[in-house]
Amino acid sequence: MPKTVILPPRGPGVTGHLASLEALLREWLPRQRWFAGKDRPVADLAVLSATELLPGCLHLLVQTGHPPVPAPGGTPPPGDCYQLLLGLREQLSPRLGRALIGRAEQGPHAGLFVYDALHDPRSAALLLERLRQPGTAGPLVFETAPAARIPSGLAPRLLDAEQSNSSLVYGDAFILKVFRRVQPGVNPDLEVTGALAAQGCTRVPAPVAWFRTTGARGATLGVLQPFLPAASDGWTLALRALAAGDDFTTQAHQLGQATADVHLALATAFPSGGHGENGVTASAMTARLEAAARSVPALRPFVPGLRTAFGALAGCDAGPPDQRVHGDLHLGQVLRAGREWFVIDFEGEPSRPLSERCAPQSPVRDIAGMLRSFDYAARQRRPWRPEWARRCREAFCAGYATRAGWDPRKKHALLRAHETDRAVYEVLYEARHRPDWLPVPMAAIERLAVRGG
Ligand SMILES: Nc1ncnc2c1ncn2[C@@H]1O[C@H](COP(=O)(O)OP(=O)(O)O)[C@@H](O)[C@H]1O
Ligand SMILES: O=P(O)(O)O[C@H]1O[C@H](CO)[C@@H](O[C@H]2O[C@H](CO)[C@@H](O)[C@H](O)[C@H]2O)[C@H](O)[C@H]1O
């Protein structure tokens, strides 16, 4: 694999030979929760850039390479670029034990413990300091919003959440999302939150500071936002309600309203207009279904039944106009503080290409995502609570209708197609990341394929 090492000016020999680090990372990276290439073994890993943020703390961008697919003339699937913050120490205290990556064997790091420095309060504090003082460090650029006020000395803690990225909370005042898989261009989580803040939309925490790589298509590396300290995410609240046997329809109704508010703000912030061609959307959904069935054999018997949902979409009237959407809306992406819902994480479905995630789409896509999430929650209890999910789904749609001016329940074919497409995505997601959870979306697949809804 061609190797472009962009090294900033630095002290003698500190980041010299990276081969020993590459060998350690090749083993460690695929085991991380946020590693996106779980379906492809890592054959190769190369450091693209290494920036010394302070002695013993390296910021790395690494590129993975994969073996060719085992087919005649098979080409390697594309690799990905990941962001890492590495600590290098002679001694590792027990509290950093779970952050250990390994021990470097050669080069200037020989004998040093190498660890994920996001777990290290010293490195985490340094990142915030860099964000407080905009400027560059080698290939990295740190920037702040015009009115940003970020105090110094806020105590950091790494969030212990099931995440696609890694997040640091500072003094319960700010949260910094450090993107793990990075792509050229502005990350939608910065682009969208910034545009919504400019619209005056209060349902989304506004970006306060961020960092990126230099260059015209610099990749966003991290975003700092206000932390909502007293908030609980929708998934936790839904499971709590289920465990207590409580009704969740009031919350679901308000969540429907909040979703519509965000959709209206998105439509204003990103004017796109026009309706997507249902036939084109249906073809894309069918192609995704076929690709997913190639990867997950359990899906195959249901393919003909599921196709009927996409066929029905192709033949139905246009729904609401396409617009910028959230793209991966579920109960874990909404936070409730007091009586208000907030929406976070506008990255879209992480496995989709960036261009696709930023393209205008039907708002029904997000509605379907949340409806699926009520089903996921209800299936966490035994016996399964379909009535609970059904009531939440009704309440969510009713709440959405009060704000949006149209009722998702009256768009049956559109909703069924998007729910099917979302369930197919979830099957692929669970097969790759959490095989134990596969029965949850598979139950929906069966329902949608056999009973049609
Ligand atoms: N502004 C915020 N205030 C409070 N908690 C937050 C905030 N933003 C994110 N979180 C918490 O961090 C978790 C991960 O954030 P998220 O943006 O979904 O990361 P990822 O893209 O890595 O999945 C969320 O589930 C939520 O609990
Ligand atoms: O990491 P993200 O939050 O961006 O989203 C990915 O992971 C989610 C799981 O953490 C996954 O969501 C699925 O599981 C949820 C319960 O854990 C459930 O509420 C969602 O409805 C279901 O889709 C999401 O699909 C994936 O993109």
Side-chain angles (χ1 to χ4, degrees), residues 32-36 38 83 118 157-182 187-190 192-193 197 202-208 220 222-239 242 255 326-337 340-352 357 365-380 389 392-393 396 418-419 421-434 436-444:
Q32 303 316 299
R33 157 73 173 85
W34 39 262
F35 178 68
K38 297 232 164 53
Q83 171 175 215
L118 288 184
R157 68 182 161 90
L158 184 63
L159 216 61
D160 191 15
E162 278 268 306
Q163 275 189 264
S164 304
N165 300 287
S166 297
S167 296
L168 287 158
V169 176
Y170 292 96
D172 276 359
F174 295 97
I175 181 164
L176 172 65
K177 172 146 56 161
V178 178
F179 295 110
R180 289 303 198 163
R181 188 162 69 112
V182 298
N187 187 294
D189 213 9
L190 173 58
V192 171
T193 53
T202 52
R203 296 226 179 249
V204 175
V208 175
T220 311
V223 183
L224 186 76
Q225 290 169 302
F227 182 71
L228 303 167
S232 301
D233 68 80
W235 178 252
T236 305
L237 293 173
L239 293 194
L242 272 158
L255 184 53
H326 180 283
D328 189 17
L329 196 65
H330 59 82
L331 284 164
Q333 310 283 42
V334 291
L335 301 174
R336 190 166 169 89
E340 294 299 336
W341 284 107
F342 297 84
V343 181
I344 57 166
D345 194 0
F346 285 80
E347 270 197 280
E349 288 169 0
S351 59
R352 290 202 192 208
R357 293 191 254 150
R365 183 182 176 77
D366 285 346
I367 296 168
M370 194 54 85
L371 298 187
R372 288 284 315 117
S373 210
F374 291 123
D375 183 56
Y376 253 76
R379 284 187 183 273
Q380 303 305 303
C392 287
R393 291 160 60 102
F396 177 86
H418 279 279
E419 231 192 298
D421 188 46
R422 177 71 184 173
V424 168
Y425 164 79
E426 289 169 341
V427 165
L428 206 54
Y429 178 87
E430 302 300 1
R432 282 182 188 161
H433 295 271
R434 304 185 296 192
D436 292 354
W437 287 60
L438 195 52
V440 178
M442 280 308 297

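For clarity, every value in this text was computed on a predicted model and none was experimentally measured. The figures that follow rest on heavy atoms only: side chains count, while hydrogens, waters and symmetry mates do not. Both ligands and their constituent atoms are indexed starting at 1 by order of listing.
Distance from atom 19 (O) of ligand 1 to its nearest protein heavy atom, with residue and atom name: Q163 NE2, 3.1 Å. Of the protein's non-hydrogen atoms, the one nearest atom 21 (O) of ligand 2 is S373 OG, 3.0 Å. Atom 11 (C) of ligand 2 has Y429 CE2, 3.9 Å as its closest protein atom, hydrogens excluded (heavy atom only).
Look at Q333 and you'll find a heavy atom under 4.0 Å from some atom of ligand 2. Judged by the shortest distance from any of its heavy atoms, A161 lies outside the 4.0 Å radius around the atoms of ligand 1. Put simply, part of R33 is less than 4.0 Å from ligand 2, judged by heavy atoms. Every heavy atom of Q225 sits 4.0 Å or more from the atoms of ligand 1. Between H433 and ligand 2 there is no heavy-atom distance shorter than 4.0 Å. For S164, the closest heavy-atom approach to ligand 1 falls below 4.0 Å. Ligand 2 is never approached by M370 to a heavy-atom distance shorter than 4.0 Å. In this structure, P229 does not count as a contact residue of ligand 1, since none of its heavy atoms falls inside 4.0 Å of the ligand.
Across all their heavy atoms, L331 and S373 have their closest contact at N-OG, 2.9 Å. For P205 against L228, the heavy-atom pair with the smallest separation is CG-CD1, 4.3 Å. The heavy-atom pair separating R180 from S164 by the smallest distance is CB-O, 4.1 Å. Closest non-hydrogen pair, F346 versus P188, comes out as O-CB, 3.3 Å. Of all heavy-atom pairs between A431 and L438, the closest is N-CD1, 4.1 Å. Contact record, V169 with F227: CG2-CE1, 3.7 Å, taken as the closest heavy-atom pair.
Atoms of ligand 2 lying under 4.0 Å from any heavy atom of E426, numbered from 1 in the order shown and given with element: 21 (O), 22 (C), 23 (O). Taking a cut-off of under 4.0 Å to the non-hydrogen atoms of P205, the atoms of ligand 1 that pass are 1 (N). Near N165, with a cut-off below 4.0 Å to any heavy atom, the atoms of ligand 1 are 20 (P), 21 (O), 22 (O). Heavy-atom proximity to S164, at under 4.0 Å, picks out these atoms of ligand 2: 1 (O), 2 (P), 4 (O). For ligand 2, the atoms closer than 4.0 angstrom to any heavy atom of D345 are 4 (O). Near Y425, with a cut-off below 4.0 Å to any heavy atom, the atoms of ligand 2 are 25 (O), 26 (C), 27 (O). If you number the atoms of ligand 1 from 1 as listed, the ones under 4.0 Å from a heavy atom of E347 come out as 21 (O). In summary, the atoms of ligand 1 found under 4.0 Å from a heavy atom of P226, numbered by their order in the structure, are 1 (N), 2 (C). Near Q333, the atoms of ligand 1 lying under 4.0 angstrom from a non-hydrogen atom of the residue are 18 (O). Atoms of ligand 1 lying under 4.0 Å from any heavy atom of G332, numbered from 1 in the order shown and given with element: 25 (O). The contact set between ligand 1 and L159, taken as ligand atoms under 4.0 Å from a residue heavy atom, comprises 11 (C), 12 (O), 13 (C).
Although no hydrogens or angles enter the test, the distance criterion places a donor-acceptor pair under 3.5 Å between the side chain of R203 and the main chain of W341. Put simply, the side chain of Q83 gets close to the backbone of F179: a donor and an acceptor are under 3.5 Å apart. Between the D233 side chain and the L335 main chain, no donor and acceptor come within less than 3.5 Å of each other. Between the side chain of H326 and the main chain of D345, a donor-acceptor pair closer than 3.5 Å is present. A donor-acceptor pair is defined here as one N or O able to donate and one able to accept, closer than 3.5 Å; no such pair exists between the side chain of S167 and the backbone of L159.
Between the CD1 atom of I367 and the CD atom of E419 there is a distance of 11.0 Å, given to the nearest 0.5 Å.
Taking the charged nitrogens against the carboxylate oxygens, R365 and E349 do have a contact shorter than 4.0 Å, which makes a salt bridge. Salt bridge status for D366 with R422: absent, with no side-chain N to carboxylate O gap under 4.0 Å.
At under 3.5 Å, not a single nitrogen or oxygen of R372, backbone or side chain, sits near a nitrogen or oxygen of ligand 2. Taking distance alone, with nitrogen or oxygen atoms compared against 3.5 Å, L228 approaches ligand 1 more closely than that limit. Looking at W235 next to ligand 2, no N or O pair under 3.5 Å apart turns up.
Residue-level proximity to ligand 2 for R352 is absent, since no heavy atom of it falls below 4.0 angstrom.
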